[in-house]
Amino acid sequence: MNDNTQVRVSAFVDEARLTDRLAAMARIGATENGGVNRQALSKEDAAAQAQLVQWGAALGLAPSRDAAGNLFLRLEGTDASAKPVLTGSHLDSQPTGGKFDGVYGVLAALEAVEAIVASGVRPRGPIDIVAWMNEEGSRFAPGMMGSAVFAGQRGLENVLAVTDANGVTVEAALREVREALRHVPERELGGPVAAYVEAHIEQGPHLENEGLTIGVVNGIQGKRTFAVRVEGEAAHAGTSTRAERKDALLAAVAMVQALADAFHDAQDVVKFTVGRFEVKPSAPSVVASLVEFSIDLRHPDSQVLRDLGDKVRPICEANAGVCAVQVKELSTAMSLEFPAPMRGLVRAAAQRLGLAHRDILSTAGHDARYLHAVCPSGMIFVPSHLGLTHCEAEFTSSADSASGARVLAEVLSELAA
Ligand code: GLV
Ligand code: MN
Ligand code: MN
């Protein structure tokens, strides 16, 4: 396919349509402060999936879903034997999430495919738009479940058994979503993929600060996540002596402080987050009997990440005092680099479209991490206003959203040609 054809495909991207769809999705699970709460496999997630299927149907895209809860919409190509090109992201959000993280990549994919259809240039290979199940890992930890299972990096059974804070399993929650989407046929899990491209908001301030529109993502920084369980003993706040107490809260706080001290770096590259901290019984006059907390640890240098992550267990154990502590590593993902040809396609498309761009490392995690294990993968970033993300203020302009979809349309039509 020549450059002229590529430019023609992207010319069919419709900024207003993409903006309207982003707004429509933002109404599903809308929060009071202008954000979104669309937890994985919730009724809001199911409603968002149903909306996507409906938009796809109007375009003649065939929906299907796999046993891991991933949803696909297929644009058939002219060659039935060709491997599909995949593009998408996720529809689930953080509890006080924004209107763009994940959903932007799914709707940019829909917009790009709609542009390809409107251009009249039928691709040789099929293009599958995908909404991966539970990228955020907020309700069910760890995240990126659907893409991990699809890519054979996690077992389906292992994922189905994970429970949320109320003891609901992924399996049970999936059953409900399946019921809501019962008209959508089931497809095989996994399968060959020609390539994967994910558009996403940057979730950082660099593109905006530098007046750029497109980030050519060169890789994703590594991340290790842990669940820590500190067991003490419930006791009366007035009658029990300090010597008698097994205070799980004090032990957990000491662990978190010791970890924060150990991971402090003057360059501010190490990312250490305790985002969940649950205390039981959580009553003012009862010594805490149980604390469970999460650890999210990231660093772009895989060796540094290995070394720091290996300190988590000994530091927790050294600060447990009279309490018992269990440390479970939930996920281990080293830093990765996307293949140069995929980055080259994104860069060349941005150049052809006259969009200011630069190479950029993703310090956030994405489903592209798991696809990278099974096919040539790449990502396209668009600016995030002030870098705000995983919060209700998340914002990307309509113009930038459309620019990302244009680059995606070009890249997809080249990959599927
Ligand atoms: C993805 O949402 C991440 O936490 O990096
Ligand atoms: Mn995301
Ligand atoms: Mn996210």
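Whatever order the structure lists ligands and atoms in, that order sets their numbers, starting from 1. The model shown is predicted, which means the values in this text are computed figures rather than measured ones. In what follows, residues are counted from 1 in the order of the sequence shown.
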### Query
Is there an N/O/S atom in His90 at a distance below 2.8 Å from the Mn ion (ligand 2)?
yes

### Query
Do Asp310 and Arg224 sit within salt-bridge range, that is, some charged N less than 4.0 Å from a carboxylate O?
yes

### Query
Below 4.0 angstrom, N of the basic side chain to O of the carboxylate: do Lys83 and Asp128 qualify?
no

### Message
Between Asp79 and Arg124, does any side-chain N to carboxylate O distance fall below 4.0 Å?
### Response
yes

### Query
Between Gly365 and ligand 1, does any nitrogen or oxygen pair lie at a separation below 3.5 Å?
yes

### Query
Which one of Met144, Glu136, Arg298, Gln203 has a non-hydrogen atom at the shortest distance from atom 3 (C) of ligand 1?
Arg298

### Query
Taking N or O atoms only and a 3.5 Å limit, does His390 qualify as a polar contact for ligand 1?
yes

### Summary
the Mn ion (ligand 3) has as its nearest N, O or S atom from Asp101 the atom OD2

### Query
Would a line drawn from the ring center of His357 to the ring center of Phe381 be shorter than 6.0 Å?
no

### Task
Give a yes/no on ligand 1: does His366 have at least one heavy atom closer than 4.0 angstrom to it?
no

### Message
Do Asn134 and Gln39 make a side-chain contact, defined as non-hydrogen atoms from C-beta onward lying under 4.5 Å apart?
### Response
no

### Query
Measuring to the Mn ion (ligand 3), does Glu136 have an N/O/S atom at a distance below 2.8 Å?
yes

### Task
Carefully, step by step, assess Tyr104 and His200 under the rule ring pair (Phe, Tyr, Trp, His ring centres under 6.0 Å).
CA-CA 6 Å; Tyr104 169 67; His200 206 283; 7.9 Å; no

### Task
Enumerate the atoms of ligand 1 whose separation from the nearest heavy atom of Ala364 is less than 4.0 angstrom.
5 (O)

